[in-house]
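So the structure is just underneath, and the comments pick up after that.
Start at 1 and go down the list; that is how both ligands and their atoms are numbered.
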Amino acid sequence: MKQLRSYVAGQWVAGRGKATTLYNPTTEEPIFEASTEGVDLGAAVAHARGKGLPALQELTFAQRGQALQAAANALHARRDELLDLAMVCGGNTRGDAKFDVDGALGTLAFYARLGESLGATRFFVDGQGTQLGRSPKFHGEHLLVPRRGIAVHINAFNFPAWGLWEKAAVALLAGIPVITKPATSTAAVAVRTVEVLVEAGALPEGALQVIAGSATSLTDHLGPQDALAFTGSSDTAATLRAHEAFIRRGARINIEADSLNAAILGADVEEGSETFDLFVREVVVDMTQKAGQKCTAIRRVFVPAARMAAARAALVEALSAIKTGDPSLREVKVGPVATAGQLRDVRAGVERLKRAATPVVGGQGDLRGALTGITGDKGYFISPVLLEAQDAAAADEVHRHEVFGPVATLLPYSGDPAEAARLVGLGDGGLVASIYSDDADVVGGVTLGMAPYNGRVNVGSAKVAEQSLGPGAVLPQLVHGGPGRAGGGEELGGLRGLDLYLQRTAVQGYKPLLEKLAGQGHRVG
Ligand code: NAP
């Protein structure tokens, strides 16, 4: 069986000893092995510090942007190969694979353009400066300079391509070398993207290394100028947060974790209207795309009690038409979940939700349902499950437990925007919440009411129905992350994403001297 290799200190290295097997989730056939035993993580860190860091920091933002564009071009030339690999390794439909791979390419291209727009500069000047003394000559500025450290990126299994590149593009633009560690179960796609770039020579040596397999001791090497960006479960996040690299040595950490994303149907939205149809379409896409394994997927669907029968009927009809099964078939929209462990977790999670809600679509037996193009009992399949709770405020399990599969729950509310926002808050912090409404008071009330609990709000209305990308798509222009349960982190958002890798330093002194210094940077804000 093919062994996945790590790229460390300029070499592709295979681990020794007992390896983890990676399976095709559609057939359960073993496809790769990965081991990190004997892989020298300390050498990776030393290489990033010794080679990657000086090489990147010598480049201007524009030159780093050009390197990112070269990376995007090299990956684009292998797009079909990457899509095929994602389908086999992740159980993705072709549409799901595009969501991941094209998301990676789009994010890289966005940061490439952003870098080029910053010109021949290497640091930022934050804000407009301020007078500090009696006369204007005593002046203060804030600089944002790249730290002299490295970035470790630990990613979740669900987006092996986008997850790697949405983090790496930002760090590399900041001038920070990256050691990336994809989740082992779906690492093949991530590793392949690094292979492509190493072959193409798109990035300076030492700028990007990849660890294929478990790497729990990587954090031990982090010091005060370094940063860890983590995406994954709250449990792993809690372990990492407690590491002395962060609590004693002052390394930075950014966490993207679980989220019980919400969608709210406004009381003004009539059945059959364009906004109602948008709401139904986006709930269904979010439940089924990537077999529901999206951190941004809608899990809780709040509907005014007076509209519940109509919303339920529309969702039942749309979900019943969706085919689950062999992801290589064009008509199939829901492939398997990624691993046997995920299958177990989703089954257990649906049982938990059933304590507070009743299935109205699927949710019976082993959740496999009727499959298209699959004979026999192989594959980690879950057909979509829609549940409904009678009392939203009392449905504790629905607000507390993220079921990472094609699963969502309908919850009634009175139609009052303040109540909707309060109910969303029971999820203790999320990545994204949607309000579907054409009424400015409803949109304003719900958006402001739930903003403290969410990193992003998606406003779905008739006027943007045609252009809407839905809440599930994470855009490089807007911040990604959320408070509380979602980890409290922030990524992307254009230049905002670079903050993790920059030091904000106040400088006070004689204005003409400071102005000369600031003139060498790129002023923001
Ligand atoms: P996970 O089990 O927490 O694993 C995430 C990553 O952490 C993997 O690369 C894993 O490596 C690594 N890891 C596990 N234990 C570690 C340790 N002690 N030290 C260092 N690294 C460790 O999460 P998952 O099952 O892959 O992902 C599902 C979860 O991610 C869901 O809860 C989902 O909501 C969340 N998620 C959030 C976002 C977001 O942007 N907020 C995006 C996607 C997913 P191995 O694979 O080698 O064990």
Fill in: Exercise: do His399 and Asp428 side chains pair donor with acceptor under 3.5 Å
no
Worksheet item: Going by distance alone, is a donor N or O of one side chain under 3.5 Å from an acceptor N or O of the other, for Asp235 and Ser233?
Response: no
Worksheet item: Do the rings of Phe99 and Phe159 sit parallel, tilted or perpendicular, given the 30° and 60° boundaries?
Response: tilted
Worksheet item: Hey, does Phe110 have a side-chain heavy atom less than 4.5 Å from the side chain of Thr107?
Response: no
Item to complete: Pick out which of Arg252, Arg49, Gln503, Arg147 makes a side chain to side chain contact (heavy atoms under 4.5 Å, CB included) with Gln225.
Response: Arg147
Discussion item. Hydrogens and angles aside, do Glu282 and Ser434 bring a side-chain donor and acceptor to less than 3.5 Å of each other?
Written reply: no
Worksheet entry | Pocket residues of ligand 1, ordered first by chain and then by residue number (heavy-atom cut-off under 4.0 Å) | Ile154, Asn155, Ala156, Phe157, Asn158, Lys181, Pro182, Ala183, Thr184, Ser214, Thr216, Phe230, Thr231, Gly232, Ser233, Thr236, Leu240, Glu256, Ala257, Asp258, Cys295, Glu402, Phe404, Leu431, His480
